[in-house]
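Both ligands and their constituent atoms are indexed starting at 1 by order of listing.
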Amino acid sequence: MKHLLSLETMTREDMELVLKNAATFKARRGQDDRKPLAGQSWAMIFSKSSTRTRVSFEVGIHELGGRALFLNANDIQLGRGEPIKDTARVLGRMVHGAVIRTFAQSDVEDFAKFGAIPTVNALTDDEHPCQILTDIFTYEESRGSIAGKVVTFVGDGACNVPQSWIFAAAKLGFELRIAAPKTFQPSAEVLKRAGGKISCSEDVRAAAEGADLLYTDVWVSMGKEAESADRLKALAGYQINSDLVKLAKPDALVMHCLPAYREKEISEEVFEKHAETIFAEAENRLHTQKAILDWMVA
Ligand code: CP
Ligand code: NVA
């Protein structure tokens, strides 16, 4: 049985297969009669807000012939304290797969273990694997293989999105530079586990020099709202703006997983200049996740 819980545990071969099939799903949308989820029901358990992940999974499951049941964690007994392992053992007897957005990484891992059905991490505090597979697909569809390229992440380098970038870097052979204040850099332990060519620096300009892709994410991730004031202060210099873009390669892409906060992690000017890439990235969640689901049930 296959799960997608983390990019740390996904093999390079599986990543490459998903990226290749995402292109096919995108090219053949509306013409592909294959329904790998025919007759299946998939639970989507969300403990955090979502626009892109929710809609792309609901539409994707439908297009693959399955049915999605959206379950806000607060509407099911999970929100009243029923343990994740009991929720998993119940749902595992009723549905064919699960897509979970929550706080603790251990919750998606426990769900996969106790539910014994294919389980997808749709964002935890530690990782956002579907997002980063989509980002790599988006880079490659416009610029070719990401191997050997320089990806610069600017902002909160210790949250879920950069952590999934970290686990992809060694496997797909690109250099990853993380520009973040000391207290927002990934842990040495995560970097050691990932291996590969990854550097962390407080010098955002040096990190952007010659980059092929400049990437950012919100400064205040879901669940960190109480730290907003401190975060806005600490991360103030870590913005993708036109001065920074000038340091990257002339044809560098600028990407953002969204939602974006203008004049915080990215300037309005740069956001709008690169909006075509950023919204292609959002659309590509659909195609990439169809490839992920297809891979999981194969
Ligand atoms: N990028 C992303 O995961 O967006 P949502 O939070 O809207 O799902
Ligand atoms: N780091 C962000 C990603 C949102 C898609 C968060 O966790 O809120």
Answer yes or no: is there a side-chain heavy-atom contact under 4.5 Å between [X] and [Y]?
X: E63; Y: K35; value: no
X: L133; Y: L7; value: yes
X: R231; Y: F184; value: yes
X: D135; Y: E281; value: yes

Which protein heavy atom lies closest to [atom], and at what distance to 0.1 Å?
atom: atom 4 (O) of ligand 1; value: R52 NE, 2.8 Å
atom: atom 4 (C) of ligand 2; value: L123 CD1, 4.0 Å
atom: atom 7 (O) of ligand 2; value: N160 ND2, 2.9 Å

Between R101, R54, K48, flag the one that comes closest to atom 6 (O) of ligand 1 by a heavy atom.
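Result: the heavy atom closest to atom 6 (O) of ligand 1 is in R101.
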Under a 4.0 angstrom heavy-atom cut-off, which atoms of ligand 1 come close to [X]?
X: C257; result: 1 (N)
X: H128; result: 2 (C), 3 (O)
X: R285; result: 1 (N), 2 (C), 3 (O)

Of L286, L64, L293, V18, which is the lone residue that meets side-chain contact (heavy atoms from CB on, under 4.5 Å) with F25?
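Only match with F25 under side-chain contact (heavy atoms from CB on, under 4.5 Å): L64.
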Identify whether the distance between the nearest side-chain nitrogen and carboxylate oxygen of K20 and E16 falls below 4.0 Å.
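Looking at K20 and E16, the cut-off is not met.
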Check R285 with E283, please: is the shortest side-chain N to carboxylate O separation under 4.0 Å?
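R285 and E283: not salt-bridged.
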Tell me whether ligand 2 is touched by L258 - counting only heavy atoms on the residue side and a distance under 4.0 Å.
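Distance cut 4.0 Å: L258 passes for ligand 2.
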List every atom of ligand 2 that sits less than 4.0 Å from any heavy atom of C159, numbering the atoms from 1 in the order shown and giving each element.
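Near C159, the atoms of ligand 2 are 1 (N).
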For M222, counting its heavy atoms only, list the atoms of ligand 2 lying under 4.0 Å from any of them.
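Counting atoms of ligand 2 from 1, those under 4.0 Å from M222 are 6 (C), 7 (O), 8 (O).
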Could you label the plane-to-plane angle of the F46 and F70 rings as parallel, tilted or perpendicular, counting under 30° as parallel and over 60° as perpendicular?
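Tilted.
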Which part of [X] is near ligand 2, with near meaning a heavy atom under 4.0 Å away: side chain, backbone, both or neither?
X: D125; answer: neither
X: D156; answer: neither
X: S221; answer: both

Taking the six-membered ring for Trp and the full ring for Phe, Tyr or His, determine whether the centres of W165 and Y215 are under 6.0 Å apart.
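When the ring centroids of W165 and Y215 are compared, they turn out to be within the sub-6.0 Å range.
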I need the contact type for L258 against ligand 1. Using non-hydrogen atoms and a strict under-4.0 Å cut-off, is it side chain, backbone, both or neither?
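Only the backbone of L258 comes within reach of ligand 1.
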N/O separation below 3.5 Å, M222 to ligand 1
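In this structure, M222 places no N or O atom under 3.5 Å from an N or O of ligand 1.
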